[in-house]
Amino acid sequence: MYRQPPVPPQPSGPMTRAPDGSFVFQNLEPKHRPKATWALTFTIVVASVLGEEFPALKEQFDILPSAVRAGEWWRLVTGALLHGGYLHLAANAYFGWSIGARVERYIGAWRLLVITAVAMLASGLAVTFFSEIPAVGFSGVLYGWLASWLAFHLTPRFPGLRLSGPQRSAYLQLLGANLLLSLLPGISLLAHAGGFVAGFAAAYVLGQKR
């Protein structure tokens, strides 16, 4: 008696069967619009322009370590929204959109905002407790976003952020270039490191399966 061979089960997750019978990755389309990235970019532009036009305002809201330790905790947030000139702002706005929008399209706005908050606070606290030099800028958050992409690559929940081939090479080059920039005079390595470590940790938790 002829028995039909069993059909092998289709794999779960982002795989599909190709015409030749092999399994291949599906084209994973983003599910979300980068609304949070747009809002955050708009916010840092407005805040930074005000800070440039009214320097006294910047002095009241930058991350001044002694002032934060004295109880002015709001500086951890406001200082991240200000920048040290229009070139600094332009670089962070461009880099932030390039990374933030890509990540948010796969993970959604609220998860990106969680990573943003964690990276922002960790970045500011690193400056507060390990430096006496005032700091401004969204860079700590941007490093958190950059680190989150790496964390999502290592976790199973968002396969659309997996890095492979040329994309992995481009990411590593971007990461290396930014780490080198962190060593330049006038740039806060502490802020970048704090945001990177915190962003990676937050994303690693969010990237686990339900």
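Any value given below was found using the heavy atoms of this structure, including those in side chains, with hydrogens, waters and symmetry copies removed.
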hydrophobic_cluster_shared for Val141 and Leu190, side chain cutoff 4.5 Å: no

**Asked** Do any N or O atoms from the side chain of Tyr86 and from the backbone of Glu52 form a donor-acceptor pair under 3.5 angstrom?
**Response** no

message = With clusters defined by side-chain heavy atoms of hydrophobic residues (ILVMFWY) lying less than 4.5 Å apart, directly or transitively, does Leu142 cluster with Leu125?
response = no

Sub-3.5 Å donor-acceptor pair from the side chain of Arg157 to the main-chain atoms of Lys209, do we have one? no

May I ask you to check whether Phe152 and Phe158 place their ring centres under 6.0 Å from each other?
yes

Please determine whether the number of non-hydrogen atoms from other residues, nucleotides or ligands lying under 6.0 Å from atom CZ of Arg69 exceeds 12. yes

### Query
Just wondering, do Val68 and Leu64 contact through their side chains at under 4.5 Å, heavy atoms?
no

Look at the side chain of His83 and the backbone N and O of Ser48, then say whether any donor-acceptor pair between them is shorter than 3.5 Å.
no

Exercise. Okay, side chain of Arg102, backbone of Leu161: is any donor-acceptor separation there less than 3.5 Å?
Worked result: no

For Asp62, is there any backbone N or O sitting under 3.5 Å from a side-chain donor or acceptor partner on Arg75?
yes

d(Ser139 OG, Leu189 CG) to nearest 0.5 Å is 12.0 Å

| task | Check step by step if side-chain hydrogen bond (donor to acceptor under 3.5 Å, both in side chains) holds for Tyr204 and Ser148. | result | CA-CA 7 Å; Tyr204 195 84; Ser148 74; over 6 Å; no

Val136 side chain near Ile63 side chain, heavy-atom distance below 4.5 Å:
no

Rounding to 0.5 Å, atoms CH2 (Trp73) and CG (Leu121) come to a distance of 10.0 Å

In short, Ala198 meets Ala122 closest at the heavy-atom pair CB-CB, 3.3 Å

Is there a side chain to side chain contact (heavy atoms under 4.5 Å, CB included) between Ile99 and Leu174 once you walk through the steps? CA-CA 11 Å; Ile99 300 299; Leu174 178 63; 3.7 Å; yes

So do the side chains of Pro156 and Arg162 get within less than 4.5 Å of each other, counting heavy atoms only?
-> yes

CZ (Phe196) and CG (Asn178) are apart, to the nearest 0.5 Å, by 9.5 Å

Heavy-atom closest pair (Gly51 atom, Leu82 atom, distance to 0.1 Å) is CA-CD2, 4.2 Å

Of all heavy-atom pairs linking Gly85 and Lys58, the shortest is N-NZ, 4.3 Å

Practice problem: Could you verify whether a donor N or O on one side chain and an acceptor N or O on the other, from Thr37 and Glu104, lie under 3.5 Å apart? | Solution: yes

Under 3.5 Å, side chain of Ser131 to main-chain N/O of Ile133, donor-acceptor pair present?
yes

Closest non-hydrogen contact found for Val77 with Met120 is CA-SD, 3.8 Å

- Is it true that a side-chain atom of Lys35 and a backbone atom of Gly108 form a donor plus acceptor pair closer than 3.5 Å? no

I'd like to check Leu206 versus Ile115 (side-chain heavy atoms, cut-off strictly below 4.5 Å). Are they in contact?
yes

Test side chain to side chain contact (heavy atoms under 4.5 Å, CB included), reference Phe42, set Ile44, Val45, Val46, output is Val46

Q) Between Arg105 (side chain) and Lys31 (backbone), is there a donor-acceptor pair under 3.5 Å? A) no

Q. Any donor-acceptor pair under 3.5 Å linking the side chain of Ser123 with the backbone of Gly195?
A. no

dist Thr78:OG1 -> Leu57:CG (nearest 0.5 Å) comes out at 9.0 Å

(request) Describe, in one word, how the ring planes of Tyr143 and Phe95 are oriented to each other, choosing from parallel (under 30°), tilted (30 to 60°) and perpendicular (over 60°). (result) perpendicular

Hey, are the side chains of Tyr171 and Leu146 touching, using non-hydrogen atoms and a 4.5 Å cut-off?
yes

In terms of heavy-atom contacts, Gly194 and Ala126 come closest through CA-CB, 4.4 Å

Polar side chain donor-acceptor pair, Ser169 to Gln173, under 3.5 angstrom = yes

_Please determine whether side chain to side chain contact (heavy atoms under 4.5 Å, CB included) holds for the pair Thr43 and Trp38, giving the CA-CA distance in whole Å, both sets of side-chain angles, and the decisive distance to 0.1 Å._
CA-CA 9 Å; Thr43 301; Trp38 271 118; over 6 Å; no

Within a strict 4.5 Å, meaning less than it, do heavy atoms of the Leu163 and Leu172 side chains meet? no

To the nearest 0.5 Å, atom OG of Ser98 lies from atom CH2 of Trp145 at 10.5 Å

Original post:
Under a 4.5 Å cut-off applied to non-hydrogen side-chain atoms, are Ile187 and His192 in contact?
Top reply: yes

ask   = Given side chains that start at C-beta, do those of Phe138 and Leu89 come closer than 4.5 Å, heavy atoms only?
value = no

Margin query: Given 3.5 Å as the limit, does a donor-acceptor pair link the side chain of Thr41 with the main chain of Trp97, or not?
Written below: no

Closest non-hydrogen atoms of Ala36 and Leu112, given as atom of the first, atom of the second and distance, are CB-CD2, 4.1 Å

(Q) Checking Leu113 against Leu40 for the side chain to side chain contact (heavy atoms under 4.5 Å, CB included) test, could you report, in this order, the C-alpha distance in whole Å, the side-chain angles of both residues, the deciding distance, and whether it holds? (A) CA-CA 9 Å; Leu113 290 175; Leu40 289 166; 4.1 Å; yes

message = Is there a path of hydrophobic side-chain contacts, each under 4.5 Å between heavy atoms of I/L/V/M/F/W/Y residues, joining Val205 to Val114?
response = no

| request: Spell out, yes or no, whether Trp149 and Leu181 are grouped together once hydrophobic residues are joined by side-chain heavy atoms under 4.5 Å, including indirect joins. | output: no

